[in-house]
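One structure is given below, encoded as structure tokens.
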Amino acid sequence: MGAPAHGSDLRTDRPERSRRALVAGSVGNFIEWYEFGVYGYFATVIAARFFTPEGGSEAEALVRTYASFALAFFFRPVGAALFGRLGDRVGRRPVLIMVIVLMTAATTLIGVLPTYDTAGALAPWLLTFLRVLQGLSAGGEFGGAVSVMTEFAPPGRRGLYGSWQSFTVALGLLGGAGVAALLATVLTEGQLGDWGWRLPFLLTLPMGLGALWLRLRLDETPSFESLREESRPERPPGREVAKAIALGAGRVMGWAAAGYTFLVVLPSYLQSSLNATFQQALVATVLANLGFAVTIIPAGVLSDRIGRRPVMLTGALLVTVLAVPLLNLLQNTGTSNAVKGGAVFVAGAVVGLMAGPGPAMLSEMFPTSVRYTGLGLAYALSNAVFSGCAGLIITETIKRTGSVDIPAYYAAVTCAVSVFALLTLRKEPVRQGS
């Protein structure tokens with residue numbers, strides 16, 4: 001299924017509507033990844049408060065925490081299918097409003113949950129239930145946000161507009177890391193464990209209300225309006241859509257796996273495997289996310305000029321080659337802090353080369369009539385398997401094998417597979433109307 005030749009996908013006669021769509025689409029991504037970042041950064045604290053009954057080991061608790069993390073990701077495809085179908089039938093705007101309400105409510109409620117000491121075995125089940133709701137909402141967020149951004153994009157700028165989805169992912173992860181680092185600095189370890197970990201989740205409420213206000217002011221996309229005017233909108237065969245979804249998932253699996261390995265799982269890995277302090281782990285994560293953020297938008301812009309394929313292939317190949325050497329630098333006690341900081345910055349930067357053009361690439365794989373569902377499912381399926389399971393797979397494999405190189409192998413292998421899927425992308429730059 002190639003890029004649809006619909007000029008309506010690219011045209012808008014009101015530039016301010018494009019800018020408004022960019023902000024309204026981005027803000028939900030920020031909140032979503034802020035929360036997922038916070039959950040990852042506080043994984044060790046959450047493990048102790050929700051998954052450590054008397055007699056349980058810290059390693060077992062961390063595995064259970066990541067199991068809850070993974071479960072939420074496996075509900076993303078369900079949310080992508082559910083909300084995507086609605087978004088392709090009733091419109092992008094009303095579904096994105098529903099999604100932001102659900103996301104905000106679920107995340108805020110995590111901040112008021114009773115812990116294991118208070119509620120016993122009910123506590124981890126309540127947390128897992130809210131994580132499931134977050135997974136559903138996150139599954140509906142990506143497809144709608146990227147559809148809005150790329151369908152409102154001016155001619156020849158889908159790569160740039162789509163890259164803002166990934167850029168706000170970086171901002172969300174950085175925001176989560178910043179809040180976590182601030183709390184770790186101003187609060188004692190006891191205060192952080194007792195109640196301080198709740199604050200980042202409660203902060204989602206004002207952010208969510210702001211996002212809701214922006215989306216209530218959002219217009220429906222020109223592409224969907226044109227589709228709605230057709231008496232019998234043409235929909236591609238189900239087999240063709242399924243094939244495109246599978247191919248899209250393969251193209252972004254390296255981005256999903258390497259992104260979560262370097263940007264979210266890293267803090268817990270540094271603490272549990274390399275004996276880093278909480279503050280040191282957060283500094284490393286901030287640097288990785290800064291590297292990620294720096295390359296995303298330039299990569300999106302470059303993909304508008306030379307095509308999605310060469311930019312994304314470069315990122316996937318670099319991760320494949322550099323993952324093990326970069327991790328070995330972190331493991332080496334003789335490596336200076338400056339070199340270690342540079343290593344995690346580079347790790348994030350190469351992931352940004354895939355994340356910048358990725359949203360536009362997925363959007364161009366599906367026509368308007370199935371775009372919300374198609375690109376949402378491709379992204380959600382890849383993230384469910386290769387992002388959501390990253391912490392669980394890495395932590396459990398290190399526990400069983402004792403090898404501290406597992407994160408690098410995981411990122412390198414998944415990116416190597418993505419290289420083959422990305423080779424199927426056409427070589428030429430994406431032109432107006434393509």
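Values reported hereafter were calculated over all heavy atoms of this structure, with side chains retained and with hydrogens, waters and symmetry mates removed.
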- Residues passing the side chain to side chain contact (heavy atoms under 4.5 Å, CB included) test with L133, sequence neighbours excluded, are L102, A106, F129, L130, L136

- Item | Non-neighbouring partners of T107 that pass side chain to side chain donor-acceptor pair (under 3.5 Å), sequence neighbours left out | Q134

- Quick one: list whatever passes side chain to side chain contact (heavy atoms under 4.5 Å, CB included) with T333, sequence neighbours left out. none

- Task: For D194, check side chain to side chain contact (heavy atoms under 4.5 Å, CB included) against everything at least two apart and list the hits.
- Result: R49

- Message: Show every ring pair (Phe, Tyr, Trp, His ring centres under 6.0 Å) that has at least one partner inside residues 190-212, sequence neighbours left out.
- Response: F50-W197

Sequence neighbours left out, cut at 3.5 Å: what donor-acceptor pairs do the side chains of residues 173-190 make with other protein atoms?
{"unit_1": "T185", "atom_1": "OG1", "unit_2": "A181", "atom_2": "O", "d": "2.8"}
{"unit_1": "T188", "atom_1": "OG1", "unit_2": "Q191", "atom_2": "N", "d": "3.1"}
{"unit_1": "T188", "atom_1": "OG1", "unit_2": "Q191", "atom_2": "OE1", "d": "3.4"}

- Item | side chain to side chain contact (heavy atoms under 4.5 Å, CB included) partners for V101, two or more places apart | L212

- Query: Taking only residues at least two apart or on different chains, which pairs with a member in residues 378-418 satisfy ring pair (Phe, Tyr, Trp, His ring centres under 6.0 Å)?
  - Reply: F142-Y379, W255-Y379

- side chain to side chain donor-acceptor pair (under 3.5 Å) against T221, all qualifying residues, sequence neighbours excluded: E151

Return all side-chain donor-acceptor pairs below 3.5 angstrom for residues 347-356, not counting sequence neighbours, or 'none' if the list is empty.
none

- Item | Non-neighbouring partners of T373 that pass side chain to side chain donor-acceptor pair (under 3.5 Å), sequence neighbours left out | D88

- Task: Quick one: list whatever passes side chain to side chain donor-acceptor pair (under 3.5 Å) with R400, sequence neighbours left out.
- Result: E396

